[in-house]
Amino acid sequence: GRLIVSRSLPAQYVTSLKRAPQFICGALLLAALLLVTLLAGCSGVLQMSDRGGSGGGEEHEGFDEMAAEGEGTQGLEGRSDYGGAPVADVPFIRVGLAHGVRDASVTSAGGFTVSLYADSLESWSAGGGKRWRFGAAGGGVTGSGPGGGFHMETGTIRVRPEASGFLVFGDVAYRGEIELLPAGAGSLTVINVVDIESYLRGVVPREIGRRPKGELEAIKAQAVAARTYALASSGRRASGSFDVFATVEDQVYEGADGEDAVCDRAILETAGIFMTHAGEPIHAYFHSSCGGRTEARHEVWELPKLSYLTQVWDSRNEDQFNDSFCSGGNNFRWTETWDGDEIR
């Protein structure tokens with residue numbers, strides 16, 4: 001009864017970034033505000049697609065304005081291809097919007113359909129502005145809305161919008177579909193099933209911020225890192241029922257409400273590009289501040305050692321903390337004070 005989503009990328013969709021020994025020098029752990037300089041220092045290491053363009057002025061402009069300047073003639077909607085592949089071939093990701101909650105509701109400005117996949121298939125249609133409510137009951141889930149209701153012990157509830165409309169959960173609009181699953185006694189899980197490029201539209205502006213068009217190359221780097229992180233996260237959350245949380249536990253995701261025209265362009269121009277090691281997407285951790293030097297993954301978490309996640313200096317010259325690329329971050333310098341008793 002579960003929705004099966006693609007876990008691999010078709011060959012024609014992928015332009016991967018092959019790993020060189022020093023690619024970690026900035027391509028992976030990205031300083032959120034100064035990535036352009038960082039990537040320039042690694043330009044001999046990364047082989048990027050030639051699809052990317054150059055940024056213009058420093059004013060924050062919309063995608064339509066950039067198109068008028070000849071710097072991009074199509075938006076993300078209405079395309080028949082994405083990174084060289086049909087839209088249908090873009091992989092999907094399952095984003096955990098809520099886990100272990102007792103109730104949830106879904107609505108849409110347009111019509112939508114609620115389908116129950118259990119011992120049999122049942123479906124109900126709802127008009128625009130109508131709402132379906134779901135609640136945990138025992139070890140199952142109940143649902144009620146216009147025209148019907150149900151109780152199931154096992155199975156999946158799938159909510160689909162009409163045409164290209166959005167679904168609204170928790171006052172946030174989302175592309176794609178929403179699934180609800182039982183998550184044990186008295187709780188349920190709410191999942192957004194969405195293609196990975198649409199997912200990035202709700203992630204990149206939250207992780208790097210709404211940046212001016214002149215920083216497009218930095219936003220592209222963030223898009224590649226976020227896409228890589230997502231691809232490497234298949235089935236790793238909530239016992240495999242979804243891939244990533246919508247919070248800082250993975251990547252902050254605000255659905256369609258978090259989208260930004262400049263970030264949309266960066267995602268479009270890097271569509272299908274991700275970083276690999278030994279043929280697999282890497283664990284592309286990124287952060288806003290590192291204090292001048294990163295730490296090896298196995299030293300931070302109880303996880304296996306990885307050759308591409310080692311300690312590196314975040315500066316052009318080693319041991320130059322004040323010249324770190326992330327030195328402009330709010331948390332680069334901080335002070336903590338203890339009195340004698342606390343130290344003892």
Side-chain angles (χ1 to χ4, degrees), residues 7 16-35 38-39 42 45-46 93-100 183-184 189 191 196 199-200 202-204 206-209 221-254 274-315 318-319 321 324-327 329-336 338:
R7 296 305 187 196
S16 63
L17 302 183
K18 299 303 182 182
R19 173 188 173 270
Q22 297 86 14
F23 95 103
I24 192 67
C25 70
L28 176 59
L29 300 177
L30 304 175
L33 300 178
L34 296 168
L35 295 177
L38 184 56
L39 286 176
C42 297
V45 177
L46 293 179
I93 187 167
R94 301 171 63 84
V95 187
L97 304 180
H99 180 61
T189 296
I191 299 168
I196 201 163
Y199 163 72
L200 292 177
V203 168
V204 173
R206 294 295 299 143
E207 292 292 358
I208 197 171
Q222 179 67 64
V224 172
R227 184 182 293 109
T228 305
Y229 183 97
L231 290 171
S233 299
S234 176
R236 62 188 292 260
R237 294 298 189 182
S239 300
S241 63
F242 58 91
D243 304 316
V244 292
F245 284 106
T247 67
V248 292
E249 290 183 73
D250 286 302
Q251 301 184 120
V252 177
Y253 171 59
E254 286 193 350
F274 62 101
M275 293 176 278
T276 68
H277 173 65
E280 298 293 331
I282 66 168
H283 295 281
Y285 306 114
F286 55 89
H287 47 75
S288 63
S289 300
C290 69
R293 183 174 174 82
T294 68
E295 182 62 277
R297 185 180 82 152
H298 66 280
E299 297 285 358
V300 179
W301 300 301
E302 294 182 2
L303 294 172
K305 184 176 182 179
L306 292 174
S307 60
Y308 60 84
L309 286 178
T310 59
Q311 289 184 339
V312 293
W313 289 98
D314 184 41
S315 56
E318 290 191 0
D319 199 19
F321 284 103
S324 297
F325 294 110
C326 70
S327 60
N330 293 335
N331 298 317
F332 183 76
R333 292 177 177 84
W334 50 269
T335 300
E336 183 77 20
W338 296 275

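All residue numbers refer to positions in the sequence shown, counting from 1. Note that the structure is predicted; figures quoted are calculated from it, not measured. For the numbers below, each heavy atom of this structure counts, side chains included, while hydrogens, waters and symmetry mates do not.
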Please name the pair of heavy atoms, one in [X] and one in [Y], separated by the smallest distance, quoted to 0.1 Å.
X      : Y      : answer
Ala225 : Phe286 : CB-CD2, 4.2 Å
Thr310 : Thr294 : O-OG1, 3.4 Å
Ser289 : Phe332 : OG-N, 4.0 Å
Cys290 : His287 : CB-CE1, 3.3 Å
Val244 : Ile93  : CG2-CD1, 3.8 Å
Ile196 : Ala230 : CD1-CB, 3.7 Å

Rounded at 0.5 Å granularity, tell me how far [atom1] in [X] sits from [atom2] in [Y].
X      : Y      : atom1 : atom2 : value
Arg297 : Lys305 : CZ    : NZ    : 12.0 Å
Arg333 : Ser327 : CZ    : OG    : 6.5 Å
His277 : Ile282 : NE2   : CD1   : 9.5 Å
Arg227 : Leu200 : CZ    : CG    : 5.0 Å

Any donor-acceptor pair under 3.5 Å from [X] side chain to [Y] backbone:
X      : Y      : answer
Arg94  : Ser241 : yes
Tyr253 : Arg206 : no
Asp243 : Val95  : no
Asp314 : Cys326 : yes

Set of residues satisfying ring-ring contact (aromatic ring centres under 6.0 Å, His included) with respect to Tyr229, sequence neighbours excluded: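 Result, ring-ring contact (aromatic ring centres under 6.0 Å, His included) vs Tyr229: none returned.
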
For Trp301, ring-ring contact (aromatic ring centres under 6.0 Å, His included) partners two or more places apart: Tyr285

Could you work out, with side-chain hydrogen bond (donor to acceptor under 3.5 Å, both in side chains) as the rule, every residue matching [X], not counting sequence neighbours?
X      : answer
Thr189 : His99
Glu299 : none
Glu280 : none

Partner residues of Arg237 under the side-chain contact (heavy atoms from CB on, under 4.5 Å) criterion, sequence neighbours left out: Phe242, Phe245, Glu249, Asp250

Atom CD of Glu302: over 12 foreign heavy atoms under 6.0 Å: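 At most 12 heavy atoms, drawn from other residues, nucleotides or ligands, come within 6.0 Å of this atom.
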
Tyr308 side chain reached by Met275 side chain, heavy atoms, under 4.5 Å: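 Sidechains of Tyr308 and Met275: no contact.
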
Derivation and outcome, side chain to side chain contact (heavy atoms under 4.5 Å, CB included), residues His298 and Leu306: CA-CA 8 Å; His298 66 280; Leu306 292 174; over 6 Å; no

